[in-house]
Each structure stands twice: as C-alpha cells, then as structure tokens.
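Before I ask anything, let me first share the structure, which is written out below as structure tokens.
Any value given below was found using the heavy atoms of this structure, including those in side chains, with hydrogens, waters and symmetry copies removed. Labels below follow one simple rule: chain letters A, B, ... track the order of the sequence lines, proteins then strands, and each chain is numbered from 1.
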Amino acid sequence: MTTTKTPPVAAVPQGRRIQLGRFRDLTLVPVIIVLLIAGSFVDPIFLTPGNLTNVLQQQSALALVVLAEALILIAGKFDLSLESTVGMAPAVAVMFVIPVAAGGFGLELPGILAIPLCLLIGGLVGAFNGFLIMRFQLSAFIVTLAMMIVVHGLQLGLTQGKSLFELPESFLYLGSASWLGLPAAIWITGALFAVAIVALGYFRAGRSLYAIGGNADAARAAGIRVERVLWAVFVIGGVVAALAGVLETGRLGGISANQGVGWIFMAFAAAVIGGVSMDGGKGTILGALTGVLVIGLVENILTLKGVPGEWKQLVYGSIILVALMISRLAGGKAQD
Amino acid sequence: MTTTKTPPVAAVPQGRRIQLGRFRDLTLVPVIIVLLIAGSFVDPIFLTPGNLTNVLQQQSALALVVLAEALILIAGKFDLSLESTVGMAPAVAVMFVIPVAAGGFGLELPGILAIPLCLLIGGLVGAFNGFLIMRFQLSAFIVTLAMMIVVHGLQLGLTQGKSLFELPESFLYLGSASWLGLPAAIWITGALFAVAIVALGYFRAGRSLYAIGGNADAARAAGIRVERVLWAVFVIGGVVAALAGVLETGRLGGISANQGVGWIFMAFAAAVIGGVSMDGGKGTILGALTGVLVIGLVENILTLKGVPGEWKQLVYGSIILVALMISRLAGGKAQD
Amino acid sequence: MTSPVKAVEAIGITKRFGPTTALNGAGIAITEGETHALLGRNGAGKSTLVSILTGLQRPDEGEVRFGGQPAPPLADRDAWRQRVACVYQKSTIIPTLTVAENLFLNRQTERGRINWRSLRTRARRLLEQYGVDVDADVLAGDLGVEQRQLVEIARALSFGARFIILDEPTAQLDGPAIQRLFARMRALREQGVTMMFISHHLDEVYEICQSVSVFRDARHIVTASVDDLPHDQLVDAMTGEATAAYEYRTRTVGASAPVVLAARNLRLAGRFEDVDLAVRAGEVVGLAGSGSSGKVGLAETLVGLRKADTGTVTVNGTEVKGGDVPSALAAGLGFVPQDRHHEGFVPLLSIAENATIPIAHKLGRFGMVSPARRRERGNQMIARLDIKTTGPDQPVADLSGGNAQKVVLARALADDPKALVVINPTAGVDVKAKHSLLGAVEDAVDRGAGAVLVSDELDDLRICDRVLIMFHGRIVKDVPRGWTDTELVAAMEGIDHQ
Amino acid sequence: GSSGTGGTTGAQSTGDAGAKGGKVGIDFPRADSDFWNSYGKYVPQIAGELGVELMPPTNSQNDVAKLVANTQALTGQGAKAIIMAPQDTGAIASTLQTLENRKIPVVSVDTRPDKGKVYMVVRADNKAYGTKACEFLGEKLGGKGKVVELMGALSSINGRDRAEAFRSCMKEKFPGITVFEEPTEWEGTKAASMLQTRLEQHPDIKGVYMHAGGVHLAPTLQVLKAKNLIVPPEDPKHVFVISNDGIPQEFDAIRKGEIDATISQPADLYARYALFYAKAAIEGKTFQPGPTDHDSTIVQLPNGLEDQLPAPLVTKENVDDKALWGNQVK
Ligand SMILES: Nc1ncnc2c1ncn2[C@@H]1O[C@H](COP(=O)(O)OP(=O)(O)OP(=O)(O)O)[C@@H](O)[C@H]1O
Ligand SMILES: Nc1ncnc2c1ncn2[C@@H]1O[C@H](COP(=O)(O)OP(=O)(O)OP(=O)(O)O)[C@@H](O)[C@H]1O
Ligand SMILES: O[C@H]1[C@H](O)[C@H](O)OC[C@H]1O
Ligand SMILES: [Mg+2]
Ligand SMILES: [Mg+2]
C-alpha cells in the first residue's frame with residue numbers, strides 16, 4: 001500500500017498544454033504547407049508575391065463572411081442570411097445614392113453615405129435576425145434560412161433583378177484601391193481578423209462567446225447577459241457581411257443580383273475545416289482563417305493547373321476531403 | 001422501501017398524454033389550414049383534386065429527400081450530399097444502360113437494371129459517408145459538404161455537364177405512371193413515409209435513432225450499436241435519395257446536370273419547420289411531412305397568384321417566416 | 001483477500017487520458033453475492049474503473065474477468081449487458097425520450113412492434129416498485145436531477161443482472177429515497193446479486209456494504225471487510241494521511257449585523273409561497289426539506305435563476321431585478337446551482353476561466369482579460385479548494401465529478417460574495433474535499449458574508465447557525481443550532497409541526 | 001437587325017384563321033439576369049401590340065422543377081399556349097409530352113429542348129455566337145497568342161453551345177491561339193478570380209471572350225483596370241474583349257473603348273416572336289422551314305421547328321444603331 005502524496009501541480013506540463021491547445025486550432029497548417037509545395041510544382045508563378053496577393057484579395061470578401069460566421073458559430077448560433085447581406089446591403093445602399101436612370105431610388109443622397117448606409121443595413125438585418133431568434137425563441141438555423149431568402153428577395157425585388165453598374169467611386173474604393181503595394185481589401189480583412197483574434201482571445205466580451213456557445217445556461221448563471229451578447233454578435237455579423245459586400249463590389253466593379261449567393265456553404269466549409277464547431281463553443285478565428293486560405297489556395301491551384309471544367313468540381317471536392325483527413329490526423333482529436 | 005402494491009393502471013390520463021405528445025409534432029397543422037383557406041381565395045382551382053394532386057406529385061421527390069434527411073437528423077448527424085445523389089445516382093445508373101450515342105458508358109446493360117443500380121449507387125454514397133464519419137471521426141457536416149461537391153462533380157465529369165434524356169422506359173415508369181388515378185410517385189412516397197413513421201414509432205431499430213441522437217453515449221451504454229445503426233441510416237438515406245432521383249427523373253423525363261442541386265436547403269427547411277431538431281433526437285417523420293406540405297402549398301399558391309418573379313422570393317421567404325412564428329406560437333415550445 | 005468465486009475481477013488496469021493517468025495498474029476483485037464499496041477521493045479513478053468494468057472503455061493495460069471468464073469483446077454490447085448493469089455517475093438519461101422509454105431503452109420489446117401501452121404499464125409498475133413518484137409519460141429532460149437519478153437506479157436494478165454497479169447513486173438523493181434504495185439493494189443481495197457501490201458517504205458504506213476497496217491516485221490501496229476498516233482508517237487510506245473530522249465552527253451572529261440577503265413575500269406558483277427570509281452577515285442559514293418541498297426553487301429564485309411571481313429579493317441592500325442573475329451577482333451574490341452540468345460550468349473552457357467568469361472585469365483593464373492573471377487566480381482556487389488537475393488550463397470537462405463541483409464553488413467564491421447561496425454543494429464530493437468546501441463556505445462567512453445552504457445532508461447542515469424547514473412550499477420552522485438528527489428529519493418529514 | 005412585325009413569307013399559313021384567341025401562359029426562366037429582365041420588360045409591351053391575351057407570367061428561378069410546377073399551374077388556369085425558356089433542356093421532356101397530349105402548343109425561347117414536341121423554338125444560334133467570337137478574336141490577334149474564355153455553366157445548353165463552337169472554330173481556323181477555358185457558373189466572382197489568376201500566370205493574354213456580358217462585364221473590366229490593361233486597340237498592351245448578350249452597359253463599354261465587341265442576343269425579338277408564334281399556334285397556323293420576312297430562317301428539328309433569329313455582332317461601328325435592343329431600353 002503506497003502512501004504517495006498528491007504531487008503539487010507541476011508547472012512544466014502546463015506550458016506544453018497551452019502550446020498543444022493552440023496547435024489544435026492550427027491543424028490545417030500542414031495542409032497549407034502541402035498545398036504551397038504542390039502549387040509550386042503546378043506552376044512557377046504560384047509562389048510569386050503577385051499570385052499569392054491575388055489569392056488573398058480574391059478571398060478577402062469571403063474571408064470576412066467566414067469571420068462573421070465563425071463568431072456566430074462560436075457563440076452557438078447560425079446565420080445563413082449573411083450571404084444575402086453581401087449582395088443586398090451594398091445594392092440597397094447604393095440605390096439611395098445613384099440616380100433613377102442608373103437604377104436608384106431617386107433620393108440621390110451624397111455618395112459618401114453609401115458605405116455607412118451599407119453597414120447600417122447589414123447591422124439591421126443582423127438585429128432583425130437576433131430579434132426573431134431571441135424574442136420568439138425560434139431556431140437560428142431556420143430563421144436565418146428564411147431570412148436568407150427574404151434578404152435576397154428584397155434585393156431582387158428592389159433592383160428588379162438588374163445589376164447595378166454605375167456606382168459612386170467612393171463605394172468602389174475600398175475593394176479596388178492599393179495601400180503600400182497591397183490591395184486595401186487585404187489590409188482591411190487582415191486588420192479585422194487581428195481585432196477578432198485579440199477580442200476572442202483576450203477580452204471579456206470575446207471570451208463570453210465561448211462561454212455562451214459552450215453552455216448558455218452556465219454562462220447565464222455566471223452573470224453573462226447571454227441574449228444581449230448574442231444580439232450584438234448577430235449585429236456585428238451583419239455589419240461584417242455588409243463590409244464583405246463593399247469589398248466584393250469594389251473588386252467586381254458592379255453589383256449583380258447574385259452577389260454573395262452560394263457563399264454561405266463555402267463560409268461554413270472554411271470555418272468548420274478550420275476547426276470551428278457547429279455545436280458552438282469551439283474553434284478559433286485564426287483556425288477559421290486557415291480554412292479560408294486552404295479553400296483559396298485550392299481554387300488558385302486548380303485554375304493555374306487548368307483542370308477541365310467538367311472535372312473541376314470533383315477534383316475540388318476531393319482535395320477538400322483529403323485536407324480534412326490530413327487535418328484530422330494532424331489534430332489527433334475527433335471532429336464534430 | 002415501500003411495499004405498496006402496483007395499483008391498476010389508470011387508462012384515462014394516458015390517452016390524453018399521447019395526444020398531447022403527438023400534437024407537439026403537428027404544430028404546422030394550423031399553418032396548413034391557413035394556407036388551404038388562403039389558397040382557395042387566391043384561385044378557385046386551388047382546392048380541386050387535380051391541383052392538390054399536382055402539389056403532392058411535385059413535392060414527392062423532395063419529400064423523400066426530407067424523409068432521408070429527417071432520419072439522419074434524428075440520429076444526430078447531417079447529410080448534405082443527399083442533394084447530389086438525387087442527380088448523380090440516376091445519371092450514372094442510366095449511363096450503364098444507354099448507348100454511347102445517348103451519353104452512356106457503352107456497356108448497355110439491360111434497362112431493367114437501371115433502377116437497382118441507381119439505388120445501389122445511392123447506398124454506396126451513404127456507406128462512404130458513414131465510413132468517413134465513423135472511421136475517421138470526422139464531422140458529418142463537413143464530410144458530407146465535401147461529398148456534396150464530389151458527388152455532383154462526378155456527375156458533371158461523367159456526363160460532361162450534359163442532360164441525359166434518352167432513358168429506358170422502365171426507369172421513367174415510377175415517376176410518371178398513375179396507379180388508381182393517383183401518380184405512382186405519391187403512392188411510393190406515401191408508403192415510404194408510412195413505413196418510416198411506423199418504424200420510428202414502433203420498432204426498436206427506429207427508436208434507437210432517437211436514443212443515439214439524444215445522447216449517443218447513453219445509447220451505447222444501453223447496448224445500442226451506435227456506429228452500426230448510424231452507418232445503416234446513412235446507407236438508407238442514400239438509397240432513399242437515389243429513389244427520389246428516380247421519381248424526379250420520371251417526372252421530368254430527363255436528367256439534367258443540375259438535378260437535385262439546391263434541394264438540401266429546402267430539405268432542411270422542411271424538416272426543421274416540421275419540428276425535427278438540428279441537434280438530434282427530436283422530431284417526427286410525420287412532422288417533417290407537414291413541413292414539406294407547407295413548402296409545397298406556399299409555392300403552389302404563389303404560382304397561382306402569379307406574384308411577379310422579382311418579388312416572389314421575398315414573398316416566399318416572408319411566408320415561411322410567418323409560418324415559423326405561427327407554428328412556434330401553436331407549439332408553445334422554444335425551437336432549437 | 002481470496003475467495004472461491006469472484007463475480008468480477010479487474011487485474012492490473014492502466015488507463016491514461018492524454019497526460020492524465022486515471023488508473024495505474026489498479027485492480028479489484030468482488031466476491032459473488034457481496035456488496036462491495038469502492039472508495040477514493042475525487043479523481044482517484046473510480047468512475048474510470050466503472051467504464052472499464054462495463055465495457056465502455058478499453059483499458060490501456062490489464063484485464064477484466066467475469067466469473068473467471070475473460071470479458072467479452074467491446075463490440076459485443078449485449079454480452080456486456082448480460083453480465084453487468086450500471087448506474088453511471090454521469091447521466092445516461094436521454095432527455096428527449098419519455099421516462100418509460102428511458103427505463104426500457106433498447107429493450108422496449110423482445111421482438112416486433114412496440115406496444116406502448118404495455119411499455120407504459122411496465123414502466124409505471126417499475127417506478128411504483130422503487131417508490132419513484134414520476135409520471136412515466138413525461139420527457140426525461142423535464143425531470144429534476146433527483147428524479148432523473150431515481151429513474152437511472154430503477155432502470156439499472158430492473159435488468160435482472162447478477163452484477164450491478166452503482167456509481168454515486170445517492171449523491172443527489174434525500175434521506176427517504178436513500179433508504180428506499182438500500183432496502184432494494186438488500187433484497188437483491190438476498191437473491192445473490194453482486195454489487196459494487198461507490199459513494200462519498202462513509203456511513204452508507206457501513207450500512208450497506210460487506211467489503212471495501214480504496215483507490216488513491218490511480219492505484220489500488222487496500223481491500224478489506226468493512227468491519228476491519230473503521231471510519232478513521234478508511235479516511236486515512238483514501239487521503240493517504242491522517243485526516244481529522246471536520247470541525248464545525250461556532251459563530252455568534254450579532255443582532256445588529258446587516259442583512260445581506262432578504263426575501264419579502266416571495267411566491268412562485270406551484271413551488272413556494274409566503275416566503276420571508278433574512279440572512280445576516282456572518283450567518284449561515286440552512287434550507288432543508290424533503291423532496292418537492294420547494295427549497296431548490298426558492299434558492300434558485302433568490303439568485304435570479306427563476307423569476308418570482310410576487311415579492312422581492314434584496315442582496316446586500318440592493319433590491320435586485322427578478323429573474324436576472326447578473327444584477328444579483330453585481331449586488332454581491334455568489335451561488336452554486338443544483339445541477340453542475342446544467343448551470344455550473346462550460347465544459348470546454350478551462351478551470352481558470354470557468355472560475356473567473358464573474359470577475360473577468362477585474363482581471364484586466366478596458367474589457368481585457370489577462371491570461372496570466374486568470375491563470376494566477378485559477379491556481380489560487382486550485383490550491384484553496386484542493387482541486388485535482390493538471391493545471392488551471394485543463395478543461396473542466398476532463399475533471400472528475402467532485403473536482404468539477406469544486407470549480408463551481410470556486411466560481412461562486414470568486415468575487416468575495418457578500419451573500420452566498422449554495423445548493424447541494426457537496427454532492428459527489430469526497431470527504432476531504434467536503435471539508436474544504438464547507439470550510440470555504442465558513443471562511444466566506446467569517447469574512448463577513450451571509451450564506452444560504454440548501455441541502456438534505458445533515459452533515460452539511462451542521463455548519464448552519466439555524467435551519468429553515470420547508471414543507472409543501474412554505475417555511476414552517478426555524479430550527480436553531482443544536483438540533484439532533486431525528487428532530488430535524490422529523491421536521492422535514494412534516495411529522496412534528498402543527 | 002430588324003424588328004418588323006412578324007408575318008411570314010417563306011412560311012404558309014394553312015390553318016383556318018377562324019379559330020378565336022385564347023390565353024397564353026408564359027414562364028420567365030429567372031429574375032436575376034439583366035438579359036432576362038429586359039426580355040421580361042418587352043413581353044407585356046409587345047403582347048399589347050400583338051393583341052395577345054397574356055396570363056400573369058410565372059418565374060421558375062432557374063429551376064426546372066419549378067418550371068414544371070408552373071406549367072401545370074398555367075394549364076390548370078386555362079392556358080391555351082405556353083411560352084417557356086427551359087434553361088435545362090433535358091428535364092423538360094415529360095412536361096412537353098404532357099402538353100402535347102393536352103394539345104397545348106409550346107414555344108421555347110432561348111433554348112431548344114432535347115426531346116418532346118415544340119411548336120416553335122425562338123432562339124438565336126448560340127453556336128454562331130461562339131464562332132463569331134472566335135473569328136473576331138482570331139482576326140484581331142492575327143491568329144496567335146493567348147485568350148481567356150469565361151464560360152457560362154457547363155450544365156447550360158447555351159454555355160455549352162458557345163463553348164463548343166468557340167473551341168472547334170479556334171482549333172480549325174486559329175490553331176496558333178491558346179485558349180484558357182474557365183467555367184464560371186455564370187458568376188461574376190468566379191470570373192474575376194479566374195481572369196486575375198490567368199493574367200498573373202500569363203501576362204501576355206491578349207483576348208477575352210465573355211459568355212454573358214450581364215455577369216462577366218463588370219468583373220472583367222475591374223480586373224483589366226487594376227492591371228492597367230484598358231488601353232486603346234492601337235496600344236500593344238490592348239486586350240481584345242468580346243462579349244455576348246448586348247445589354248446597354250456593354251454598348252457603353254464599347255463606346256468608351258473598354259471592350260471591343262459584343263453579340264447582341266435579341267431580347268426584344270425573343271419576346272416578339274415568342275408571342276407571335278404562341279398567338280399563331282392558338283389560331284391554328286402552321287409554318288414551314290425556310291427564310292422568313294424578318295431576316296431569319298426557320299429550320300426543321302426532329303421535334304418541331306426553330307426560327308433562328310439574327311444575332312448581330314456589335315462593334316464601335318454599329319454600336320449606336322437604334323434598332324439594337326440594347327439601345328432601346330430606357
Ligand atoms: N475523458 C477524460 N479525459 C481526460 N481525463 C479524464 C477523462 N476521464 C477521466 N479523466 C481523469 O481521470 C482521473 C480519474 O477520473 P475518475 O472520473 O475516474 O475519478 P473518480 O474517482 O470517479 O472521481 P469522483 O469521485 O470525483 O467521481 C481524473 O483526474 C480525471 O480528470
Ligand atoms: N421544472 C419544473 N417545472 C415544474 N415543476 C417543477 C419543476 N421542478 C420541480 N417542480 C416541482 O416543484 C415543487 C418544488 O420543487 P423544488 O425542486 O423547489 O423542491 P425540492 O425541495 O428541491 O425538491 P427535490 O428535493 O425533490 O428536488 C415540486 O413539486 C416539484 O415536483
Ligand atoms: O442562357 C443564358 C442567356 O442566354 C444569357 O446569356 O444570360 C445567361 C444565361 O441565362
Ligand atoms: Mg466518479
Ligand atoms: Mg432537491
């Protein structure tokens with residue numbers, strides 16, 4: 001019969017733990033490395049700064065939607081309507097500004113107001129989602145699914161399905177300008193990701209998303225104002241999606257009736273392969289970012305490689321599947 | 001320890017209880033009644049047997065996908081790839097049968113094999129999903145998201161994106177025939193729903209889906225072979241989706257490269273507004289069926305009413321939202 | 001210890017979870033027909049052994065035998081179920097199914113169609129047999145912890161298995177329910193059923209068990225007949241050191257001490273009514289009552305988890321908004337909820353983070369939370385409450401039940417509360433930990449807090465300066481310190497009052 | 001192009017003109033495309049001109065299943081002829097069969113159903129678009145260099161027709177030109193990314209063929225602008241861009257010299273002749289293959305007839321032609 005005493009809490013393994021914990025969210029890093037190597041074999045242009053910059057710019061709007069969705073998923077909710085906000089918010093905001101002949105409402109507000117209006121509209125959509133979900137205790141999935149149709153329907157109805165081509169320069173600026181040799185969209189997206197990473201890692205408000213997503217009742221019992229925080233998250237999600245719409249509009253030079261349509265699947269894919277759980281309370285913004293990068297790199301490599309159109313989807317899906325397995329093996333933990 | 005003897009079972013309160021329990025899954029019934037009344041005002045032909053039969057026939061293939069998804073959701077998993085199976089399974093099965101000139105592989109197997117092959121292919125997709133999810137402990141959402149792309153990519157690749165329209169008569173039969181004055185598709189779908197309702201209501205295997213979806217560890221502790229059951233559910237889901245593809249092919253008379261694309265959202269919507277929870281373990285097949293009916297009736301009414309195309313989505317989404325609220329108020333319970 | 005027939009043997013079991021070794025070459029052997037206690041501090045590895053003995057987990061090393069035969073393969077669940085039935089420590093109730101179906105999960109019928117009517121009848125009979133006052137038709141998720149536990153017990157005992165494991169079945173039960181359980185266990189033993197019983201209440205062990213094994217730090221320490229191991233030696237074996245009994249402190253509550261927690265004319269339909277209550281600084285007030293007396297409902301209303309229909313709650317002089325936890329916390333309240341899994345902690349978050357959520361605003365400026373300061377607070381809590389863990393960054397999900405409970409108390413104490421409400425704080429907590437938990441409550445009171453302690457455990461209630469007895473939703477008696485067990489039980493059962 | 005009233009010269013009217021009018025049901029294929037929206041605008045206007053009794057239009061949102069449901073509803077509500085634009089040409093077969101059984105003639109706009117009886121297909125020759133685009137770019141590039149083709153969706157017959165014709169013409173006539181085929185699913189965002197990547201990889205790309213100006217125009221211009229490639233044709237850096245559709249914005253771009261040409265897919269004629277033939281069908285008229293009085297030719301199909309409307313190439317020279325539909329929308 002031993003009489004060993006419980007050893008004092010060892011300090012050494014602690015440090016290792018944190019590191020491991022952090023790595024768990026970065027299981028896609030090996031995948032990214034594999035892709036970078038594979039890409040460099042596919043085409044020498046792949047690893048050039050120009051091409052990689054393009055990849056980042058192409059992904060920046062989607063990345064913002066992923067950021068918004070990741071915040072909402074971590075807090076244990078869903079928002080499918082983000083994709084429709086990407087198109088509707090810029091379209092409607094711009095319609096306040098441009099003349100009737102160009103498809104506007106005829107109000108012709110100053111062009112400079114278009115971006116603030118756009119963000120406001122995004123926030124309003126988020127607030128309305130939050131209202132329906134929290135006040136009526138409806139399922140977030142299904143409310144935002146309906147809202148996805150409603151919001152896009154609003155754009156279709158108001159624009160009569162037309163694309164908007166004559167946009168104020170100020171509205172196109174963010175999505176098309178370059179700052180210090182890099183597209184402004186990359187700077188903006190990068191900055192927002194940095195803010196979110198810091199907020200979710202080191203700020204009370206950010207941490208409360210994990211608590212709410214992990215166990216909302218416990219969060220409430222610990223004094224977190226769950227409904228209020230969730231509402232804020234939906235609003236922020238809407239604003240960020242609207243900003244994604246601004247960047248995308250600037251990149252494409254016009255707003256088609258389909259802007260954003262179909263993005264939400266990719267946003268979910270990126271967030272989830274990046275380690276954000278659909279069950280809430282799990283994953284990091286940095287992980288979600290790696291998810292976006294994987295998707296962007298795969299698309300870029302496939303384009304460079306020139307895979308025949310009819311086989312492209314198959315190859316694309318298969319690579320995602322393989323990436324999942326690599327990240328699963330690298331991560332060691334079961335996914336959910 | 002008490003020594004009270006078991007009193008005779010009181011029969012009265014039982015009956016009431018069951019009724020209540022059942023009602024909880026039928027919160028959409030008031031919505032359906034409202035729609036039936038509204039529809040009869042919109043157009044006199046709405047309530048004719050011919051029109052209502054059309055609605056049922058139009059929804060039958062989607063209803064089968066909803067059935068498959070509901071089974072999988074109740075068991076606590078996801079399958080997004082069902083929608084791709086709806087197109088791919090019939091397309092590939094038929095390609096084994098039809099001549100090269102019509103887009104086939106050149107094997108020209110007997111036409112009668114097409115349907116069994118189709119169901120087999122659907123089952124294989126389900127089995128592969130189950131394999132990846134259970135063996136590699138990957139997230140079902142993300143595996144089937146990738147598989148959705150892969151499966152549809154396979155169809156695109158093999159058919160080169162072309163529609164197949166020279167199909168064996170036997171393959172078209174189920175989706176186009178009429179039995180006793182009603183489309184065969186309605187009989188088949190009805191029968192499968194009846195089977196599923198009975199299986200999930202009155203058989204151990206069916207009940208085990210609820211146990212697994214409600215608490216997989218507890219189900220395992222109770223001796224349920226969780227992995228095996230889940231695998232079977234994925235396979236059944238794939239087979240049912242393939243059958244949905246057969247019905248849809250028969251109804252439309254050809255297989256386009258887009259068959260099934262976009263259905264999964266509607267399938268989720270129908271299942272969830274019908275009371276099936278995304279968290280697993282909750283909801284009934286009958287409830288899911290009411291969800292399909294609501295969606296079918298809304299679409300039919302909008303068509304009869306002739307809402308202009310550009311406003312249709314907005315109206316459609318708004319009606320779904322209102323239906324959600326009615327069902328929430330009628331049901332009394334918070335959704336999730 | 002040797003004996004002719006061993007109903008079950010576990011030999012040289014080692015089980016690791018990442019950096020944690022839950023079992024380290026530990027074993028147990030239980031003679032057929034005896035009721036065998038397994039004791040050990042929180043985190044000693046008891047529940048891990050249970051999961052291995054029931055085939056839910058595969059040991060890294062070692063072997064399990066039933067009646068001398070090797071255990072069936074893990075995949076063969078039916079074979080395991082024939083050999084062993086179990087009440088797990090962690091709930092295996094499926095909340096979305098009815099009580100009746102939970103009782104007969106995966107055995108609703110032998111073959112063919114389920115006859116729901118007869119299933120309900122069987123369920124009702126079973127519940128009746130165990131004196132469980134629960135409607136067989138309600139969803140199990142709507143039950144309270146206590147009722148859920150009773151359903152689990154009824155289910156495990158109803159299998160007709162020859163070997164039954166009960167992992168802390170009594171932690172959530174009140175006295176009469178425990179006695180009903182024991183009567184049932186005795187009857188089973190008379191029929192030759194072997195049982196393994198886990199509890200942190202040593203008196204229960206002496207009452208119902210014949211032999212006992214003690215685990216400590218993942219190892220087997222001793223196996224003996226209960227008669228050969230008196231109370232103190234048992235405790236010493238568990239803790240690995242001489243451990244004194246808890247010393248209850250005496251306090252005198254000044255009549256002028258401020259009232260830190262008060263309820264006026266509080267009423268919640270169906271739960272309680274006409275409640276007036278005042279707790280002074282430096283005072284511990286017990287709240288006791290038999291099942292369904294309304295004590296938990298009252299406590300939950302005091303802390304803001306429920307909203308009273310009428311009446312007011314005042315914390316530290318501030319009248320708090322009904323049904324609003326944050327305002328109660330802001331006024332200086334700390335509390336331990338009844339069901340730690342439900343409202344107690346966020347499983348994926350670390351110990352440090354769980355314990356510091358209410359004081360996150362004090363761990364940095366401008367809304368920032370310094371991880372270093374959080375970890376520091378976490379370490380303090382770990383030391384103060386003696387939490388067995390690899391460190392403050394370990395997720396609470398990975399802790400043993402008792403240690404998780406300590407984290408919940410740590411959260412309640414984090415902000416130096418002026419008023420403390422603790423509900424069943426020692427449920428599932430080992431003897432030594434119980435001392436530190438009760439000590440922590442008394443420390444807080446000595447620092448000037450007032451506390452309400454809700455419990456059915458007489459040992460816990462002994463720290464109270466007075467005990468309020470609830471009966472059918474009303475406070476019927478105010479019992480000052482110095483009560484005897486029988487007095488208090490009689491009061492709770494409603495035998496003595498008017 | 002001409003938009004004269006639709007009498008026929010090559011075709012003979014053999015039906016008994018006594019048959020009175022009836023309601024015409026029409027389904028629009030989608031609500032989110034500039035081209036189809038223009039078409040939708042013309043329909044009620046021209047229906048008034050031609051005296052067609054039009055039912056409220058339905059919209060199948062690019063979903064053949066909805067098209068089928070809409071058709072059922074329209075016939076249920078008493079349509080005597082139906083105009084549709086099945087973007088999915090295989091999956092409409094059963095519906096056409098049913099309509100034939102119920103003696104309801106069908107006019108198919110923009111696409112040619114693979115199977116099933118149609119009274120008339122009203123469509124420009126999409127293969128001709130591909131060929132014209134190929135010839136335009138081939139000549140401008142002098143038969144050598146690199147070209148990006150922003151394709152539509154592979155699952156769409158129009159996308160495939162345009163791609164196949166472009167591919168075979170390039171192979172035959174300009175083997176010195178390398179073509180990069182990019183399937184964009186008719187999505188601007190994919191088009192922008194793919195074009196950007198290709199230009200990074202091959203800065204010497206000198207031509208772009210866009211399958212649909214409605215979705216591809218803005219992103220293409222934005223990418224070219226970012227690369228400073230919007231320069232006059234005389235500049236050696238100039239990238240030649242040819243588009244399909246002929247929406248007003250494409251004409252503006254041609255005027256500004258941002259793109260070089262487009263093929264005007266006649267939204268107005270699509271609407272006019274769809275309604276014209278639907279009316280004729282109800283009146284019991286029949287048509288024969290051969291040239292028509294409106295610069296087009298009727299050809300025989302296995303399952304009906306097709307009136308192949310002219311789709312003129314628009315360049316800086318003729319961009320201001322008032323007859324082009326893109327110059328008529330407000
Ligand atoms: N799934 C797991 N992952 C990581 N660690 C675990 C896991 N399960 C148990 N442990 C660890 O193993 C050790 C033993 O836990 P176990 O639950 O067996 O203790 P116990 O003796 O039952 O304690 P209690 O009396 O508190 O229930 C603990 O340190 C616990 O943290
Ligand atoms: N969620 C609930 N909804 C409705 N009634 C409930 C609920 N939980 C408990 N009750 C009922 O309210 C009454 C008081 O319950 P409460 O939990 O406050 O008392 P308690 O003394 O803690 O009882 P127990 O010891 O059985 O938990 C009981 O009749 C109980 O059955
Ligand atoms: O069919 C296509 C149409 O001809 C036009 O080019 O717009 C895109 C597609 O709808
Ligand atoms: Mg335990
Ligand atoms: Mg209680």
note = Turns out that what part of B:R225 lies under 4.5 Å from chain C's heavy atoms comes down to side chain
query = Under 6.0 Å from the six-membered ring centre of B:F131 and within 45° of its axis: does the NZ or CZ of B:R135 meet both?
reply = no
query = Pick from C:T109, C:T98, C:L56, C:N102: which one has the most heavy-atom pairs with chain B under 4.5 Å?
reply = C:T109
remark   = Turns out that what part of C:I93 lies under 4.5 Å from chain B's heavy atoms comes down to backbone
inquiry  = Please identify which of these residues, B:L67, B:V198, B:V66, meets the side-chain contact (heavy atoms from CB on, under 4.5 Å) condition with B:I285.
reply    = B:L67
Whether C:R148 side chain and C:L143 backbone form a donor-acceptor pair below 3.5 Å = yes
remark   = Heaviest contributor of heavy-atom pairs below 4.5 Å to chain B, chosen from C:D78, C:L105, C:D76, C:N115, is C:L105
request  = Return yes if some donor-acceptor pair links the side-chain N/O of B:T144 with the main-chain N/O of B:L80 below 3.5 Å, else return no.
outcome  = yes
inquiry  = With a 4.5 angstrom heavy-atom cut-off, is it the side chain or the backbone of C:R81 that approaches chain B, or both, or neither?
reply    = side chain
task = Enumerate the residue pairs fulfilling ring-ring contact (aromatic ring centres under 6.0 Å, His included) with a member in residues 79-108 of chain C, sequence neighbours excluded, ordered by first and then second residue.
result = C:F66-C:W80
ask   = Is the NZ or CZ atom of C:R111 positioned over B:F203's six-membered ring, under 6.0 angstrom from the centre and within 45° of the axis?
value = no
message = With a 4.5 angstrom heavy-atom cut-off, is it the side chain or the backbone of C:E152 that approaches chain B, or both, or neither?
response = neither
request  = Measure C:S51 against the heavy atoms of chain B and call it side chain, backbone, both or neither at under 4.5 Å.
outcome  = neither
task = Pick one of side chain, backbone, both or neither for C:T54, based on which atoms fall under 4.5 Å of a heavy atom in chain B.
result = neither
